[in-house]
Amino acid sequence: MALRVGHDRPDPVAYNGCVCFPATFYHNRHRHYRDEVGAEAPAFCRVILEARLQYWADEMIAGLPQEEFVFNDSKTYSGSAHVGSLRGPVIHDVLYRSALDAGRRARFLYGSDDMDALDAVPPGLSQETYRPWLGKPLCEVPSPDGSPRSYARYFYDEFMAAQHKLGISPEPYHMSDLYRSGRMNGVIRTLIEAADELRAIYLEVSQSGREEDWIPFSPVCEKCGRIAMTRVHHFDGERVHYRCQPNAMHYAPGCGHEGAVAPWDGAGKLPWKLEWAARWQVLGVNFEGAGSDHSIAGGSRDVADAITRRVFGAEPPANLPYEFLLLEGGKMSSSKGIGLSAHEATEALPAQQLRWLQVRTRPRTAINFNLGENAIPRLFDDFDVAAERYRDGSAEGWQRRQFELAQVRRDPDVMAGYRPRFAHVVTISQIPGADTETYFAQHKGAPLLPAESDELRERLAYAPVWLERFAPAKARFEVQESLPPEVKSLDAAQRRFLISFARWYEQARPADGESIHAAIMDLARREQGGAGFAFRALYRIFLGRSSGPRAGEFLAALEPSFVRSRLKAAVAALD
RNA sequence: GGCCCCGUAGUUCAGUGGCAGAACAGCGGACUUUUAAUCCGCGUGGCGCAGGUUCGAAUCCUGCCGGGGUCACCA
């Protein structure tokens, strides 16, 4: 927007009870007064910089009139939900918490679209067992674990467990319950009777035609039990007349049955785009973000919005299009076996870091999620930096909110507490017998608070997972149980050093890493060429390699009797 | 082909009209060169390219280049 001094005037912004103007206007005004009036600009031209420093969720909530927010999100469980599916729940949970923090009333609903058909058998499940179920509603398909719950319910429970780990606890619902209880009956009738209008909406909004006798409903076939390929061609006021079409879907055939059934109480379902609009009415949803696949111009969100306005005469929920979570730069696909399920992700890295990863990124930006090399330690580091800035007050307002909303549990002691660097914990965790609690209390400079001990224990518990699955080889080390045979490769200077170091260690009985480090340097100085040879000798006999963690602290953390016997054995082997 | 997102330090990314930032890596130091654990210090930059708007552009507009995503039906 181009502004001219003394001409255009931007819309004022209400902020904290003051009327303010955008920065551009202020600067133009300021120049105008300075150059043409020869005076200071009046005080009413105030630039409120804080306004653009808000966290996106708070800004969004502040801009909406809802007295009570009803957030909704849902998913079809045709298999394990992949980790990218967590983006919707995280975004909605952040908005939900933001609304509550703003003093609004709010609910957060999460649905299982379990009237949808099974459209593929995911890899890992028996093709023979599940092929007969293709095309049937997920609420009817048996669970993979043999339990009485449905296939959809099994994967729903798995995904909700992952959500709970991230601190997300929406109110659950299942579309099959909504249909069977009759709560959908009213909107089903409205939509079936509005078939002509719906056909027009499809044509206008998404440029896709529907046949003249198209009725928007898919009954469960009374003969074969499939729902995906039934086509209704007539509604007589009470019953829909349908045919189970043999060639409608590529993944499973219809049985050819022709019948008529009352479309109420779970006898079938609405097509997706209509069902979306219908459930908004039934559940009173007034905010629902949509993934970028739905958010295409003329896509399902546009159709659902148009139906809400034109058929239900209501305003559609506020929208927030969001991008996906990509793994290693590519889209995850459970059917191709690429990617990681949400459940697996909560085992591959701590829930707190998984939540942080998503909360720190704005919804419209795709998250490129990596697990390899040092990605996870860096995630810890980034989180810890945010925590430190939160603690010492140097964080901007939006950064504070980002950190608050990233918390799995909003525990003030944890948020403000000391946290050991993850890479540090990884190293200490590999030293057998190390007293980690004491070690990190010493590093902190004070005893650990209960919440800090918990945090340490969580990191200690996760360290072996990272070491085993993702760490580069050089991050791993192992104290050798017996003297490594490569001790023979040590040279004369290293042998002399080990003899004198063993003697010193025997006499000094050192208790702390610093004095050990000092002794190593001291003894090494007696040889030529720096201290490297001495450290390499120690790493060789304890770890079987030529480098390792800081030697002083490392040796101090080991059992003294073990250190003595290993030194003795090494000296003996070198004779 | 249409649409959306991204392109900023070696790397991953913040910043979205007002003095180019952080983390990690790196470099220097903490005993006279051990180290992917600690501490202190140091920012290494044509903000993808070309125009435009503006007093002022990484930020807004147009076009282009590169990367990713998405677009029948179904969901």
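These figures come from a predicted structure and were not determined experimentally. In what follows, chains carry the letters A, B, and so on, assigned in the order in which the sequence lines appear, proteins first and then strands, with residues in each chain numbered from 1.
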Within the 4.0 Å heavy-atom criterion, would you say [X] contacts the bases, only the backbone, or no part of the nucleic acid?
X	value
Ile428(A)	base
Asp119(A)	nothing
Lys444(A)	nothing
Arg378(A)	base
Tyr539(A)	base
Arg540(A)	nothing
Phe422(A)	nothing
Arg360(A)	nothing

Distance check, [atom1] atoms only: [N] and [M], in whole angstrom units.
N	M	atom1	result
G63(B)	A23(B)	P	38 Å
C4(B)	C60(B)	P	14 Å
C42(B)	A9(B)	C1'	14 Å
C47(B)	A20(B)	P	12 Å
C61(B)	A72(B)	C1'	35 Å
G17(B)	A58(B)	C1'	11 Å
A57(B)	G15(B)	C1'	14 Å
C13(B)	G29(B)	P	33 Å

Arg199(A) side-chain N/O to Glu211(A) backbone N/O, donor-acceptor pair under 3.5 Å: yes
C74(B) phosphate, OP1 or OP2, under 4.0 Å from Lys273(A) side-chain N/O: no
Output field: ring centroids Phe380(A)/Phe422(A) closer than 6.0 Å: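 Yes, ring centres under 6.0 Å apart.
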Near-ring test Tyr151(A)/Trp133(A), centroid separation under 6.0 angstrom: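 When the ring centroids of Trp133(A) and Tyr151(A) are compared, they turn out to be at least 6.0 Å apart.
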Residue Arg210(A), side-chain heavy atoms: nucleotide from A23(B), C6(B), C74(B) that is nearest: C74(B)
Nearest-angstrom distance from the residue atom CH2 of Trp56(A) to C1' of C5(B):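 In whole Å, C5(B) C1' lies 16 Å from Trp56(A) CH2.
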Short side-chain donor-acceptor distance under 3.5 Å, Ser74(A) and Arg279(A):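 Side-chain D/A pair, Arg279(A) to Ser74(A): present.
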Heavy-atom donor-acceptor pair, Tyr77(A) side-chain to A75(B) base, under 3.5 Å: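 Per atom types, no contact qualifies.
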Pairwise salt bridge (Lys or Arg N to Asp or Glu O under 4.0 Å) hits with a residue in residues 356-368 of chain A, at least two apart: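 Those involving residues 356-368 of chain A are Arg360(A)-Asp382(A).
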More than 12 heavy atoms from other groups under 6.0 Å of CD on Glu388(A): yes
Salt-bridge criterion met for Arg391(A) and Asp384(A) (N-O under 4.0 Å): no
Secondary-structure notation, RNA chain B, from Watson-Crick and G-U pairs under 3.5 angstrom (| other strand): ((((((((.[[[[.)..(..]]]].(((((.......))))).....[[[[[..)....]]]]])))))))....
Set of salt bridge (charged side-chain N to carboxylate O under 4.0 Å, His left out) partners for Arg210(A), sequence neighbours left out: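 In terms of salt bridge (charged side-chain N to carboxylate O under 4.0 Å, His left out), with neighbours along the sequence ignored, Arg210(A) is linked to no residue.
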